[in-house]
Amino acid sequence: MSVLSYVVGVVFMLICATLVVLVLAQEGKNQGLGAIQGTIENTYWGKNKGRSREGVLKKVTIILSVLFIVISIVLNMRMF
């Protein structure tokens, strides 16, 4: 195995560990009984959720998930 495959393998393991932590750090999507009754509030927090901590966690999770899939394919092809 070349040095490059070791480096990619280490990066892959770091992405895996980071994804586990990020998924566990995110809040659940349960709305409770308010979702059934239609009493979900339309507040500033709900409108700007993409700029909050939860929104950033979601974006980083998506980016790392795509990297996870790409590196998985690359490692499986054994091109290097």
Side-chain angles (χ1 to χ4, degrees):
M1 289 181 107
S2 68
V3 176
L4 185 59
S5 63
Y6 284 119
V7 171
V8 173
V10 169
V11 169
F12 183 70
M13 287 188 283
L14 288 173
I15 288 174
C16 292
T18 307
L19 270 173
V20 169
V21 171
L22 285 176
V23 168
L24 291 175
Q26 292 180 11
E27 295 178 8
K29 301 298 180 202
N30 298 347
Q31 297 284 333
L33 289 178
I36 295 172
Q37 298 172 351
T39 58
I40 299 173
E41 297 178 19
N42 198 7
T43 61
Y44 178 78
W45 169 255
K47 292 180 183 177
N48 293 311
K49 195 161 184 153
R51 292 184 225 145
S52 66
R53 177 180 174 261
E54 188 68 25
V56 172
L57 285 175
K58 183 177 177 182
K59 289 176 187 176
V60 172
T61 303
I62 291 171
I63 291 169
L64 287 179
S65 299
V66 170
L67 283 173
F68 175 82
I69 292 170
V70 169
I71 293 176
S72 297
I73 293 169
V74 168
L75 286 174
N76 194 28
M77 290 172 39
R78 300 185 192 264
M79 293 182 64
F80 38 114

Residues 7-19 side chain polar contacts: donor-acceptor under 3.5 Å, at least two apart:
unit_1, atom_1, unit_2, atom_2, d
Thr18, OG1, Leu14, O, 2.7

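Think of Leu24 as one node in a network of Ile, Leu, Val, Met, Phe, Trp and Tyr side chains linked at under 4.5 Å; its network also takes in Val20.
Here the shortest heavy-atom pairing between Ser2 and Ser5 reads O-OG, 2.7 Å.
Side-chain contact between Ile63 and Val60: absent, with no pair of heavy atoms (C-beta onward) separated by less than 4.5 Å.
Between Leu64 and the choices Leu22, Val23, Ile69, the side-chain contact (heavy atoms from CB on, under 4.5 Å) rule is met once, by Leu22.
Hydrophobic clustering (side-chain heavy atoms under 4.5 Å, transitive across Ile, Leu, Val, Met, Phe, Trp, Tyr) keeps Ile62 apart from Val56.
With sequence neighbours excluded, the residues forming a side chain to side chain donor-acceptor pair (under 3.5 Å) with Thr61 are Gln26, listed by chain and number.
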